[in-house]
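Below is one structure; the comments refer to it alone.
Residues: numbered from 1 along the sequence shown. What you see below is based on every heavy atom in this structure, not just the backbone, and it leaves out hydrogens, waters and symmetry mates.
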Amino acid sequence: MYDCAIIGTGPAGLSAAVNLKLHEKNIIWFGSKSMSKKVMISEKIANYPGLPMISGAELNACFIRHVADMGLEVTDRMVSQVMYSKRSRFSLLAENELFQAKTLILATGVSASRTIPGEAALLGQGVSYCATCDGFLYKGKTIAVVCADSRFEHEILYLAELAQKVYLFPYYQNCTVKRDNIELRNQRIVSVNGTGRLSSLTVGEGEELAVDGLFCMRTSIAPTTLFPALASEDGAVTVDRRMATNIPGCFACGDCTGAPYQIAKAVGEGNTAAHSVIGFLAD
């Protein structure tokens with residue numbers, strides 16, 4: 001069991017990981033090894049103390065070097081579910097493998113991709129966020145895949161090996177996935193339909209697609225979707241000054257706690273969350 005699990009490799013997650021590493025805590029850190037795409041694509045950052053008018057690409061490169069210099073390891077897996085119990089603490093499901101930790105820091109950021117109407121209601125009833133967990137359920141069936149990033153293309157190919165038909169909705173440019181049973185759709189999904197079970201998707205200007213399953217491959221999942229027991233307000237995780245949530249041992253930091261959406265704020269909150277974890281473990 002790890003001392004702490006961190007979800008998210010943006011500025012808040014990095015700040016938390018660095019501080020826990022300095023205090024010799026045993027952590028597992030989930031996210032992208034390329035750190036923060038949001039930071040990387042920023043043209044100029046004018047308000048980060050000590051680094052005036054640095055480009056996002058330069059700052060992200062600094063983050064990556066810091067990770068290497070500290071000997072930190074990033075587990076490049078998508079966490080699709082978090083469970084909590086007083087006895088076993090936090091259990092995290094990531095690509096069909098379970099990880100356990102005494103404490104949890106959520107630094108998931110804010111997803112640029114909003115959930116589709118009807119998606120949340122049918123989660124676990126035809127809607128899935130994990131290809132390796134649920135793909136076998138759709139062997140020989142018709143599915144749809146929403147993919148927000150090219151890093152998940154190998155998972156699309158995995159699903160295509162199982163399903164008879166795959167409707168692929170890439171929400172990024174230059175999708176390279178090709179297979180005879182994959183139909184590329186350059187449309188948006190308007191709604192996820194079904195009563196008790198997914199039955200169809202409404203796409204584009206009202207076209208109905210009959211599907212047995214929908215897989216959503218996004219760079220982040222909303223914390224309250226990952227962990228429904230979390231208290232939130234207006235889409236942001238509710239925290240106190242220690243970055244503590246309503247779940248004992250669970251802390252949140254960065255953009256997922258709400259505005260202002262600033263790098264300096266995220267770094268500060270990540271630091272606070274890490275020190276709160278250290279105090280919690282000591283107690």
Q | Exercise: do Q164 and T142 side chains pair donor with acceptor under 3.5 Å | A | no

Q) Among the clusters formed by ILVMFWY side chains lying less than 4.5 Å apart, do Y171 and M40 turn up in the same one? A) no

(Q) With rounding to the nearest 0.5 angstrom, report the OG1 to CD1 distance, T75 to I7. (A) 11.5 Å

Q. Counting N and O atoms only, with roles assigned by atom type, does the side chain of N60 sit under 3.5 Å from a partner on the main chain of M35, one being a donor and the other an acceptor?
A. no

**Q.** Shared hydrophobic cluster for V74 and L22 (ILVMFWY, side-chain gaps under 4.5 Å)
**A.** yes

Q.
Let me confirm one number: the CD1-CZ distance from I28 to R77, rounded to the nearest 0.5 Å.
A. 7.5 Å

Q | Gap separating the CG atom of D149 from the CE atom of M78, nearest 0.5 angstrom | A | 9.0 Å

Q. Please walk me through it: do C4 and K102 pass side-chain contact (heavy atoms from CB on, under 4.5 Å)?
A. CA-CA 6 Å; C4 183; K102 299 173 186 175; over 6 Å; no

Q | Value rounded to 0.5 Å, distance of CG in N193 from OG in S199 | A | 6.0 Å

Q) Does any pair with a residue in residues 39-95 pass ring-ring contact (aromatic ring centres under 6.0 Å, His included), and if so which ones, sequence neighbours excluded? A) Y84-F90

**Q.** Same cluster (ILVMFWY, side-chain, under 4.5 Å), L214 and V203
**A.** yes

(Q) Could you tell me if N271 and S15 have a donor-acceptor pair between their side chains, going purely by distance under 3.5 Å? (A) no

Q: Say whether, by atom type as modelled, one donor and one acceptor occur between the side chain of S232 and the main chain of G235 under 3.5 angstrom.
A: no

Q) Could you state the interatomic distance from CE (M53) to CG (N47), rounded to the nearest 0.5 Å? A) 10.0 Å

(Q) Tell me every residue that passes side chain to side chain contact (heavy atoms under 4.5 Å, CB included) with E119, counting only those two or more places apart in sequence or in another chain. (A) T115, I116, V127, Y129, V192, C216, R218

(Q) Determine whether L230 and C250 satisfy the following criterion, side-chain contact (heavy atoms from CB on, under 4.5 Å), listing intermediate values before the conclusion. (A) CA-CA 9 Å; L230 276 178; C250 178; 4.0 Å; yes

Q: Would you check, one step at a time, whether the test side-chain contact (heavy atoms from CB on, under 4.5 Å) holds for Q187 with E205?
A: CA-CA 9 Å; Q187 301 162 297; E205 299 298 320; over 6 Å; no

Q) So which heavy atom on L201 is nearest to which on A144, and how close? A) CD1-CB, 3.5 Å

Q) Are any non-hydrogen side-chain atoms of V237 and T245 less than 4.5 angstrom apart? A) yes

Q) With a cutoff of under 4.5 Å between side-chain heavy atoms, which Ile, Leu, Val, Met, Phe, Trp and Tyr residues group with L98? A) M83, L93

Q) Hey, quick one: are L157 and M217 part of the same hydrophobic cluster, counting side-chain heavy atoms closer than 4.5 Å, chains of contacts allowed? A) yes

Q: Answer yes or no: is there a donor N or O on one side and an acceptor on the other, between the side chain of D3 and the main chain of N26, under 3.5 Å?
A: yes

Q: Establish whether V110 and I41 are linked, either directly or via other cluster members, by ILVMFWY side-chain heavy-atom contacts under 4.5 Å.
A: no

Q.
Any side-chain to backbone donor/acceptor pair from N246 onto A229? Under 3.5 Å, distance only.
A. yes

Q: Using the salt bridge (charged side-chain N to carboxylate O under 4.0 Å, His left out) rule, collect all pairs that involve residues 129-145, keeping only residues at least two apart or in two chains.
A: none

Q: Would you please name every residue forming a side chain to side chain contact (heavy atoms under 4.5 Å, CB included) with K265, sequence neighbours left out?
A: T257, P260, Q262, E269

Q) Should the heavy atoms of other residues, nucleotides or ligands under 6.0 Å from CD of E73 be counted, would the total exceed 12? A) no

Q) How far apart are the closest heavy atoms of P170 and N186, and which atoms are they? A) CG-OD1, 4.5 Å

(Q) Strictly by side-chain hydrogen bond (donor to acceptor under 3.5 Å, both in side chains), give each pair with a member in residues 36-45 just once, sequence neighbours left out. (A) K38-D255

Q: Sorted by first residue and then second, give each ring-ring contact (aromatic ring centres under 6.0 Å, His included) pair with at least one member in residues 211-239; sequence neighbours left out.
A: Y138-F215

Q.
Once disulfide bond (SG atoms under 2.5 Å apart) is applied, do any residues pair with C147, and if so which ones, sequence neighbours excluded?
A. none

Q: Can you sort out the partners of R242 under salt bridge (charged side-chain N to carboxylate O under 4.0 Å, His left out), two or more places apart, ordered by chain and number?
A: D240

Q | Atom CZ of R241: over 12 foreign heavy atoms under 6.0 Å | A | no

Q) Which atom names give the shortest non-hydrogen contact between C130 and S80, and what distance separates them? A) CB-OG, 3.9 Å

Q: Mind checking side chain to side chain contact (heavy atoms under 4.5 Å, CB included) for A17 and listing every partner two or more places apart, or none if nothing turns up?
A: I6, I27, W29, L72

Q. Should L20 and I105 be marked as a side-chain contact (heavy atoms from CB on, under 4.5 Å) after you check the CA-CA gap, both sets of side-chain angles, and the distance that decides it?
A. CA-CA 11 Å; L20 289 173; I105 293 178; 4.1 Å; yes

Q. Does the side chain of Y172 come under 3.5 Å of the side chain of E153 through a donor N or O and an acceptor N or O?
A. yes

Q: Measure the spacing between CG of L104 and CG of L92 and express it to the nearest 0.5 Å.
A: 6.0 Å

Q) Who pairs with E183 by side chain to side chain contact (heavy atoms under 4.5 Å, CB included), at least two apart in sequence or on another chain? A) K165, Y167, R185

Q. Taking all non-hydrogen atoms of both residues, which atom of G135 and which atom of L159 are closest, and how far apart?
A. CA-CD2, 3.8 Å

Q. Does any pair with a residue in residues 229-270 pass ring-ring contact (aromatic ring centres under 6.0 Å, His included), and if so which ones, sequence neighbours excluded?
A. none

Q) For T202 and E208, does a side-chain donor sit closer than 3.5 Å to a side-chain acceptor? A) yes

